[in-house]
Amino acid sequence: MSERTLRLYDTMTRQVKPLELIEPGCLRFYSCGPTVYSYAHIGNFRTFLTADLVIRTAEAIGWTVKYVSNITDVGHLTQDDVADAGGEDKMASALKSKEGEQFNNVWELAEYYEDAFREDWARLNLREPFVRPRATQHMREQIVAAEQLIEQGYAYETPTGVYFSVDSFKGYGKLSGNTQENLRKAVREVVLDDNKKEQADFALWKKDDKHLMQWYSPFGWGFPGWHLECSVMARMYLGDTLDLHAGGEDLVFPHHECEIAQSEALTGKPFSNHWIHTRFLQVNGEKMSKRTGNFYTVRSLLEKGADPLAIRYALISGIYTKPLNFTDQGLSDAMGNIERFKRSDAAVAAALENGGDGPDTIGVALDELYEQALDAMTNDLNTSVALAKALEGTRVIQREAESLSKASGESGKRYLDRINALLGIVRPEREVAGPAVVTPASKVDEARIQALIDERAAAKKAKNFARADEIRKELDAEGIELRDSPEGTNWVVKTAL
RNA sequence: GGUGCCGUGCCCAAGUGGCCCAAGGGGACGGUCUGCAAAACCGUUAUUCGGCGGUUCGAAUCCGCCCGGCACCUCCA
């Protein structure tokens, strides 16, 4: 298995190619994180899940992963066509919105949404980065980088800020195809800013002594440009050249293009040897937006009764290089599949506890399926095939669920453990701290349900099936489904999904 | 105008030159099991891959044109 490699589509060369590591066996990986001005939505999480699957697959083939994902808490502006002339910071804008009224200042707002983000992250079984740097904690490094770029002739200062001169870096446009030449041909009307030499020049530092978040620099009070943080933090924690850099498809241009320009101008070395970008998530066939009411966050789905693992499953059910359509039906399908993994997990646990001495009848088949799933993942993260193989394994287990030997139970456990490590869909991996989200399940009266179940059991024993069915029907109307088994009656909260 | 992507069964979605008369999930239908229900398991459900032409011994996969959809071109994951 150490012979395996991880093949991924590279945005720069536009082909699928193996990840080549600078340091054998150690993947240096940077993934752009969220701007914490609101709750992250499920589209954000599709991108973060792509990074998570890279990490899991890399670990499964025996690599260690140095993974860094940042928190953007300053400098990301709302409208960049006028940004360099004075667009508003996303954080400041959020503070003024209705949701922002509960916060005393932008710092509190950032902290609140960062905490919420970390909770959602943990609920979806995403691997933790070894460091999650914040832009605001790396001011010094960003200021130094801007100064160095000026010294080296790649940037210049004006009365409004420090700008990177796109013409000074000949590789500009190599990632996105948006070379200066192509940009000049764009028909789009842009607001000209007399403070810059070229329209495409982007800000490394914005001078602004009225800004809600400002720092002192040799250029005066102000704040750093959005692109600079990633260049600086990636270099600081992972070195001059990364093995892999990831993000959403919208980041190809301008964000990553600008990162490349800054970093390579600064170091004279390639910034990243491989680039992956996750295509956008559509919701019910449309672009997700607050306006059309199809804007889903992790917590809004939990409140509707979704299992966080099902959200994860639905978001990784399609391959990251293609747009994925997230639908209510898809989430509901995912709920059913997650149930299958959980039932298999329970069957295996039962076999380990009470299984007989018979031979292991499923180990060979399960090992084969795991290998196929891993192969699929190493082939450009083919999650659709990997999930198909993973599900086949549950069928192998369920087929013999009533009669699994202890030895089979051990094989089953090993299989589910490995599938969970690879795909993260069998069980929650971490306790989630923080305020509980109110779900349908947290609102039911458990004692009353148990009383009705007991009554029904008595009725069944007395062959009073009419009363037993009545109770089933009554609870069903309240959204509670009863499930009889040899061990007794369980219940689950039915969801509206 | 520039750059890139996609169109596979009722729905979601793999497959990108022969192993494909096309995975897997959902749905539907039939069966086993069950007081009922659920779950589980078994079986059936695309001679066909947006349309038309072409290349090839061979095409869902390559090429051309057309139709339809999407993304980016300084808000966005």
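Predicted model only: the values in this text are computed from it and were never measured.
A:Arg279 has its CZ atom 17 Å from the P atom of B:U3, to the nearest Å. Here the C1' atom of nucleotide B:C41 and the CD atom of A:Glu392 are 15 Å apart, to the nearest Å. Put simply, CG on A:Asn178 is 12 Å from C1' on B:A71, counting in whole angstrom units. Counting to the nearest Å, the P atom of B:U16 and the NZ atom of A:Lys322 are 10 Å from each other. Atom CE of A:Met335 and atom C1' of B:C12 are 17 Å apart (whole Å). Taking atom CG of A:Leu369 as the reference point, atom P of B:G24 lies 12 Å away to the nearest angstrom. Across the protein-nucleic acid pair, A:Leu251 atom CG and B:C75 atom P stand 13 Å apart, rounded to whole Å. Per the geometry, CG belonging to A:Leu281 stands 14 Å off C1' belonging to B:A13, to the nearest Å.
Taking the six-membered ring where tryptophan is involved, the planes of A:Phe164 and A:Phe169 are perpendicular, since the angle between them exceeds 60° and thus also 30°. A:Trp121 and A:Phe48 have tilted rings, their planes meeting at an angle from 30° to 60° on a 0 to 90° scale.
Atom-to-atom distance recorded for A:Asn420:CG and A:Leu416:CG is 8.0 Å, nearest 0.5 angstrom. For the atom pair A:Phe223 CZ and A:Asp208 CG, the distance stands at 5.5 Å (nearest 0.5 Å).
Ranking B:G35, B:U74, B:A77 by closeness to the A:Asp250 side chain, first place goes to B:A77. Candidate nucleotides B:A23, B:G25, B:A40 were compared by shortest atom distance to the side chain of A:Ala388, and B:A23 ranks first. Closest approach to the A:Leu324 side chain among B:A77, B:G15, B:A13 is made by B:A13 (side chain taken as heavy atoms from C-beta onward). In the set B:G4, B:A14, B:G35, the nucleotide with an atom closest to the side chain of A:Phe465 is B:G35. Among the nucleotides B:A77, B:U74, B:C36, the one closest to the side chain of A:Phe253 is B:U74.
A:Arg312 and A:Asp52 are joined by a salt bridge, as a carboxylate oxygen and a charged side-chain nitrogen come within less than 4.0 angstrom of each other. With respect to A:Glu470 and A:Arg467, a salt bridge is recorded, a charged nitrogen being found less than 4.0 Å from a carboxylate O. The residues A:Asp115 and A:Arg118 are annotated as not salt-bridged, no charged nitrogen and carboxylate oxygen being separated by less than 4.0 angstrom. For the pair A:Arg134 and A:Glu114, the salt-bridge criterion is met [side-chain N within less than 4.0 Å of a carboxylate O]. Note on A:Lys389 versus A:Asp375: no salt bridge recorded, every NZ/NE/NH1/NH2 to OD/OE distance being 4.0 Å or above.
Between A:Lys389 and the phosphate of B:A14, there is no side-chain N or O to OP1/OP2 separation shorter than 4.0 Å. Between B:A13 and A:Asn325, no contact under 4.0 Å exists linking OP1 or OP2 to a side-chain N or O. The side chain of A:Arg399 contributes an N or O atom lying less than 4.0 Å from OP1 or OP2 of B:C42. Distances shorter than 4.0 Å separate some side-chain N or O of A:Asn44 from OP1 or OP2 on B:A77.
Residue contacts for A:Lys460: at a heavy-atom cut-off of 4.0 Å it reaches a base atom on one of the strands shown. In this structure, A:Leu387 reaches neither bases nor backbone, as no heavy-atom distance under 4.0 Å exists between it and the strands shown. Using a 4.0 Å heavy-atom distance criterion, A:Ser176 is classed as a sugar-phosphate-only contact. Note on A:Gly177: nothing from the nucleic acid sits closer than 4.0 angstrom, heavy atoms only. A:Gly247 comes within 4.0 angstrom of the backbone, heavy atoms only, and of no base. Here A:His255 lies out of heavy-atom contact (under 4.0 Å) with every strand. Within the 4.0 angstrom heavy-atom criterion, no nucleotide atom of any strand lies near A:Ala334.
Annotated stems with RNA chain B as a participant read B:1-7 with B:67-73, B:10-12 with B:24-26, B:27-32 with B:40-45, B:50-54 with B:62-66, given as range with range, by first number; only runs of 3 or more Watson-Crick or G-U pairs under 3.5 Å qualify.
One P atom belongs to B:G27, the other to B:C20, and the distance between them is 27 Å to the nearest Å. B:C19 and B:C5: their C1' atoms are spaced 29 Å apart (whole Å). Rounded to the nearest Å, the gap between the C1' atom of B:C72 and that of B:A77 is 13 Å. The C1' atoms of B:C62 and B:G43 are separated by 38 Å, rounded to the nearest whole Å. Between the C1' atoms of B:C70 and B:A28, the separation comes to 31 Å (whole Å). B:A23 and B:C75 are spaced 45 Å apart, taking the P atom of each and rounding to whole Å. With C1' as the reference atom, B:U48 and B:A60 are 9 Å apart, rounded to whole Å. Atom name C1', nucleotides B:G53 and B:C67: the rounded distance is 15 Å, in whole Å.
Between the base of B:A37 and the side chain of A:Arg472 there is a donor-acceptor pair shorter than 3.5 Å. Residue side chain A:Asp469 reaches the base of B:G35 through a donor-acceptor N/O pair under 3.5 Å, judged by distance alone. For A:Thr47 against B:A77, a side-chain-to-base donor-acceptor contact under 3.5 Å is present. In terms of polar N and O atoms assigned as donor or acceptor, the side chain of A:Arg395 never comes within less than 3.5 Å of the base of B:C41 in a complementary pairing.
With A:His245 as the fixed residue, the ring-ring contact (aromatic ring centres under 6.0 Å, His included) test singles out one of A:His274, A:His255, A:His256: A:His256.
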| field | Criterion side chain to side chain donor-acceptor pair (under 3.5 Å) on A:Asn70 and A:Tyr30, from CA distance to verdict | value | CA-CA 8 Å; A:Asn70 66 296; A:Tyr30 188 95; 3.2 Å; yes
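When the nearest nucleotides of RNA chain B are assigned to A:Val252 and A:His41 by heavy-atom distance, the more 5′-ward of the two goes with A:Val252. Heavy-atom nearest nucleotides on RNA chain B were determined for A:Gly330 and for A:Thr321, and the one closer to the 5' end corresponds to A:Thr321.
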